[in-house]
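Single-structure report; data block below.
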Amino acid sequence: MAGFRIVWTIVAVLCLGRRSMATVYTVGDDSGWAMGTDYSAWASGKTFLVGDSLVFNYGSLHSVDEVSSSDYTSCSAANSITSDSSGSTTIPLKTAGAHYYICGAGGHCIGGMKLAITVKASSPAPSGSTTPADSGSPPTTTTTSPPATATTTSSTGSSSGAIISPLVASLVGMIGLIYLS
């Protein structure tokens, strides 16, 4: 009987664990944070949640600056909320709403090194409450750079966080049932 409880506890943890695990997104996938990458295309189709993280990998001529909406539009890093130029920047997504990132190096933002995302709450808000900053749709991104050479970005494999598949949980449950039979 104790074995039965252990197996079902494992199955429950595996099934519920998928929702609670944060995703780590490598911005730009293999291209990283660099000129010539379409970050609007990279972000499209992704759902960013509070608790997830963005990892920016880049060379010494770049930076990652979190900026306001107006500074994003004007490509100004003068009033950055945060700024880093270490070459590898991890930004935990702690609040729901629109978040804006640019490269502060001269001309890089205007050249397309800018990312706008909308972060959603990780769990549904209680009934009757609202999150004004989370409109449910990503902010509009306008890139004024000339088209670069064709760049293919992959929307699969963009996260490096470990996520346990519901299929694995089902298999563990079936093995548990066979074991207990």
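Annotation for Ala96 and Ala121: closest pair CB-N, 3.9 Å, computed over non-hydrogen atoms. The nearest pair of heavy atoms linking His108 to Leu61 is CE1-O, 3.7 Å. The shortest heavy-atom contact between Ser88 and Asn57 is OG-OD1, 3.3 Å. Closest approach of Ile91 to Tyr101, counting heavy atoms only: CD1-CE2, 3.5 Å. Pairing each heavy atom of Ser53 with each of Thr90, the nearest pair is CB-CG2, 4.1 Å. Contact detail for Ser63 and Ala105: the closest heavy-atom pair is OG-N, 4.1 Å.
A donor-acceptor contact under 3.5 angstrom links the side chains of Tyr58 and Thr89, judged on distance only.
Distance check for Cys103 and Cys109: the SG atoms are not under the 2.5 Å cut-off.
Listed for the Asp29 side chain is no donor-acceptor partner under 3.5 Å among the backbone atoms of Ser31. A donor-acceptor pair under 3.5 Å links the side-chain atoms of Asp65 to the main chain of Gly104, judged by distance alone. Checked by atom type and distance alone, the side chain of Asp84 never pairs as donor or acceptor with a backbone atom of Val64 at under 3.5 Å.
Note that CG of Asp71 and NZ of Lys114 are 11.0 Å apart. Values are rounded to the nearest 0.5 Å. Atoms OH and CD1, from Tyr100 and Ile81 in turn, are 10.0 Å apart once rounded to the nearest 0.5 Å. Note that CD of Glu66 and OG of Ser80 are 9.0 Å apart. Values are rounded to the nearest 0.5 Å. Taken from CD1 in Ile117 to OG in Ser40, the straight-line distance is 12.0 Å, to the nearest 0.5 Å.
Using a 30° and 60° split on the angle between ring planes, Tyr39 and Trp33 fall in the tilted class, from 30° to 60°.
Side chains of Val24 and Val55 form a contact here, defined as non-hydrogen atoms less than 4.5 Å apart. Looking only at side-chain heavy atoms (C-beta outward), Leu93 and Leu54 come within less than 4.5 Å of each other.
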Intermediate values then yes/no, side-chain contact (heavy atoms from CB on, under 4.5 Å), Phe56 and Leu115
CA-CA 11 Å; Phe56 292 81; Leu115 170 67; 4.1 Å; yes
